[in-house]
Amino acid sequence: MRIKFALAGALAALVAAGAVQAQDFKPRIVRFGYGLVDDSNQGRAARFFAKEVEKATGGKMKVRAIGNASLGSDTQMQQALIGGAQEMMVGSTATLVGIAPQMALWDTPFLINNTKEADALLDGPVGERVKATLEPKGMVGLVYWENGFRNLTNNKHPVAKLEDMNGIKLRVMQNNVFLDSFKALGANAVPLPFSELFTALETKAVDGQENPYNTVLSSKFYEVQKYLTVTNHVYSPWILTVSKKWWDGLTKDEQKVLMEAAKKSREFERQDTRAEAAKALADLKQKGMVVNELSAAEADRMRAKLTSVHASVANGVGQDLWKQTQDELKKLR
Ligand code: TF8
């Protein structure tokens with residue numbers, strides 16, 4: 001009986017190895033860069049992806065997940081992908097707007113209300129349509145990951161009402177929608193790459209920033225920021241992208257493996273991020289942050305200030321895409 005099982009097991013392993021080998025895989029190294037620290041939701045999902053690809057190619061394709069912006073800031077890595085000097089990255093869609101203007105859709109404040117809407121919109125026709133705009137620019141978008149709902153932190157005072165934004169020197173991503181949004185709210189918005197953010201906060205070059213709880217935790221912003229205001233002002237996606245130059249040289253089997261691993265990593269990443277976010281606020285309080293929630297009335301006042309931003313996003317991404325997005329959201333609500 002035992003021997004029978006052992007034999008069956010060995011046979012199954014042989015068949016599996018054979019199946020991997022029968023596919024067309026070349027020995028390759030994939031440099032996969034990201035901006036956050038290794039011990040972050042981004043880092044964990046990048047390593048998950050790397051393992052999936054190695055497994056599926058019998059170790060032929062080796063993915064080197066390299067965090068901490070060691071390969072460069074988001075915008076530097078994007079250029080490296082376009083030029084073919086780097087194979088892969090994950091980063092904010094917001095830093096891609098200079099290359100693919102439709103990405104600005106995701107920067108619309110208060111566009112998405114919850115993760116159900118986020119998943120449906122990003123993984124559905126609207127998400128695909130926006131993602132497809134990368135290809136003519138030299139990148140291929142694989143899948144969206146969750147960065148998350150963004151919240152405000154600062155070192156000056158609690159932000160309980162709209163007027164409290166006045167005079168806060170706030171780091172924003174290098175993106176006009178974010179710049180315009182926070183200017184409209186009265187903050188002194190300063191665009192900076194994420195890789196320079198911790199130092200800017202530490203040296204008080206800026207007073208505050210906005211990011212999901214997960215990042216405030218993993219990047220240790222709680223060490224240099226006192227106040228956290230729950231604003232959920234926008235849902236930020238991350239996007240996995242590869243160099244189109246490199247992608248076009250891969251075999252069909254390799255492309256398939258990468259796409260499948262990307263989809264599995266999306267599942268893993270969203271679960272991990274949501275689980276971490278659900279308890280992050282308690283962790284941040286415990287680390288000494290002073291947390292306040294914006295009242296519904298103040299949130300409404302902020303929304304009212306942002307209506308002009310909505311109009312300019314609609315213009316920038318095109319009325320047709322804007323309408324498709326609103327129609328999809330209506331169906332979901
Ligand atoms: C930001 C983003 C960052 C991402 C990351 C480095 O504030 O939210 O988390 O760009 O990939 O810059």
Side-chain angles (χ1 to χ4, degrees), residues 35-36 40-42 45 74 90-97 100 102-131 141 143-153 170 172-182 184-185 194 209-218 228-240 266-278 280-281 293-294 296 299-300 302-303 305-307 309-310 312-314 316-317 321-322 324-333:
L36 297 191
S40 63
N41 52 343
Q42 203 173 49
D74 281 9
V90 61
S92 180
T93 52
T95 53
L96 275 166
V97 291
Q102 266 102 335
M103 285 286 165
L105 179 66
W106 312 125
D107 306 322
T108 312
F110 301 109
L111 179 72
I112 291 171
N113 287 331
N114 52 53
T115 53
K116 189 181 141 255
E117 288 180 8
D119 294 356
L121 200 61
L122 288 157
D123 303 345
V126 171
E128 285 299 320
R129 184 173 167 186
V130 174
K131 204 170 73 172
V143 294
Y144 295 100
W145 283 359
E146 174 160 303
N147 186 353
F149 284 98
R150 302 179 81 90
N151 292 293
L152 187 73
T153 71
L170 189 80
V172 293
M173 291 188 280
Q174 295 154 294
N175 170 295
N176 276 334
V177 182
F178 276 85
L179 200 60
D180 293 347
S181 296
F182 283 98
L185 295 177
F194 184 85
Q209 64 88 43
E210 41 83 51
N211 254 300
Y213 301 144
N214 309 66
T215 301
V216 180
L217 255 185
S218 61
L228 188 153
T229 308
V230 179
T231 50
N232 290 314
H233 52 272
V234 66
Y235 177 93
S236 264
W238 279 326
I239 187 165
L240 249 73
R266 173 175 71 194
E267 192 107 329
F268 170 89
E269 195 271 347
R270 285 179 182 162
Q271 273 181 26
D272 178 60
T273 299
R274 286 164 197 175
E276 186 183 46
L281 202 52
E293 290 202 25
L294 212 57
D300 283 347
M302 289 196 186
R303 270 174 215 253
K305 287 270 173 209
L306 296 168
T307 40
V309 176
H310 278 220
S312 74
V313 174
V317 303
L321 176 61
W322 181 260
Q324 189 188 359
T325 308
Q326 297 303 331
D327 289 347
E328 288 282 324
L329 284 169
K330 238 175 255 156
K331 272 192 257 162
L332 292 166
R333 282 171 187 162

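- Interatomic distance, Phe110 CZ to Asn232 CG, rounded to the nearest 0.5 Å: 8.0 Å.
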- Query: Step by step, would you call Trp238 with Thr93 a side-chain contact (heavy atoms from CB on, under 4.5 Å)?
  - Reply: CA-CA 6 Å; Trp238 279 326; Thr93 52; over 6 Å; no
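- Between Ser236 and Met173 the shortest heavy-atom distance is OG-CE, 4.2 Å.
- Note that CD1 of Ile112 and CG of Leu105 are 7.5 Å apart. Values are rounded to the nearest 0.5 Å.
- Side-chain atoms of Asn147 never come within 3.5 Å of backbone atoms of Pro237 as a donor-acceptor pair (strictly under, hydrogens ignored).
- Checking side-chain atoms of Asn175 against main-chain N and O of Ala94 turns up a donor-acceptor pair under 3.5 Å.
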- Message: Between Thr108 and Val177, is the side-chain contact (heavy atoms from CB on, under 4.5 Å) condition met? List the steps.
- Response: CA-CA 7 Å; Thr108 312; Val177 182; 5.7 Å; no
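- Side-chain contact between Leu111 and Thr325: present, with at least one pair of heavy atoms (C-beta onward) separated by less than 4.5 Å.
- In this structure the side chain of Tyr235 never reaches within 4.5 angstrom of the side chain of Glu117, judged on heavy atoms.
- One side chain, Thr153 or Gln209, offers a donor N or O that lies under 3.5 Å from an acceptor on the other.
- Shown here are the ring-ring contact (aromatic ring centres under 6.0 Å, His included) partners of Phe268, two or more places apart in sequence or in another chain: Phe48.
- No donor-acceptor pair under 3.5 Å is formed between the side chain of Thr229 and the backbone N or O of Thr231.
- Between Asp119 and Arg274 there is a salt bridge, with a side-chain nitrogen of the basic residue lying less than 4.0 Å from a carboxylate oxygen of the acidic one.
- Taking every heavy atom of both residues into account, Ala104 and Val97 meet most closely at N-CG1, 3.5 Å.
- Heavy atoms of other residues, nucleotides or ligands lying less than 6.0 angstrom from CD of Glu293 number 12 at most.
- Arg303 pairs by the side chain to side chain donor-acceptor pair (under 3.5 Å) definition with nothing, not counting sequence neighbours.
- From Arg150, atom CZ reaches atom CG of Asn211 across 4.0 Å, with rounding to the nearest 0.5 Å.
- Residue Glu267 qualifies as open at atom CD: its count of foreign heavy atoms under 6.0 Å is 12 or below.
- In this model, no donor atom of one side chain and acceptor atom of the other lie less than 3.5 Å apart for Asp272 and Asn41.
- Classification of Glu328 and Lys331 as a salt-bridged pair holds, one side-chain N sitting under 4.0 Å from a carboxylate O.
- Taking the six-membered ring where the residue is Trp, the centroids of His233 and Phe178 are separated by 6.0 Å or more.
- Using a distance-only test at 3.5 Å, with no hydrogens or angles considered, a donor-acceptor pair links the side chain of Gln42 to the main chain of Leu36.
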- List the steps, then state whether side-chain contact (heavy atoms from CB on, under 4.5 Å) holds for Leu228 with Leu281. CA-CA 9 Å; Leu228 188 153; Leu281 202 52; 4.1 Å; yes
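- Side-chain atoms of Asn214 come within 3.5 Å of backbone atoms of Thr273 as a donor-acceptor pair (strictly under, hydrogens ignored).
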- Dump the intermediate steps for salt bridge (charged side-chain N to carboxylate O under 4.0 Å, His left out) on Arg270 and Glu146, then the final yes or no. CA-CA 6 Å; Arg270 285 179 182 162; Glu146 174 160 303; 5.3 Å; no
- Item | side-chain contact (heavy atoms from CB on, under 4.5 Å) between Tyr144 and Trp106, worked out | CA-CA 11 Å; Tyr144 295 100; Trp106 312 125; 3.6 Å; yes
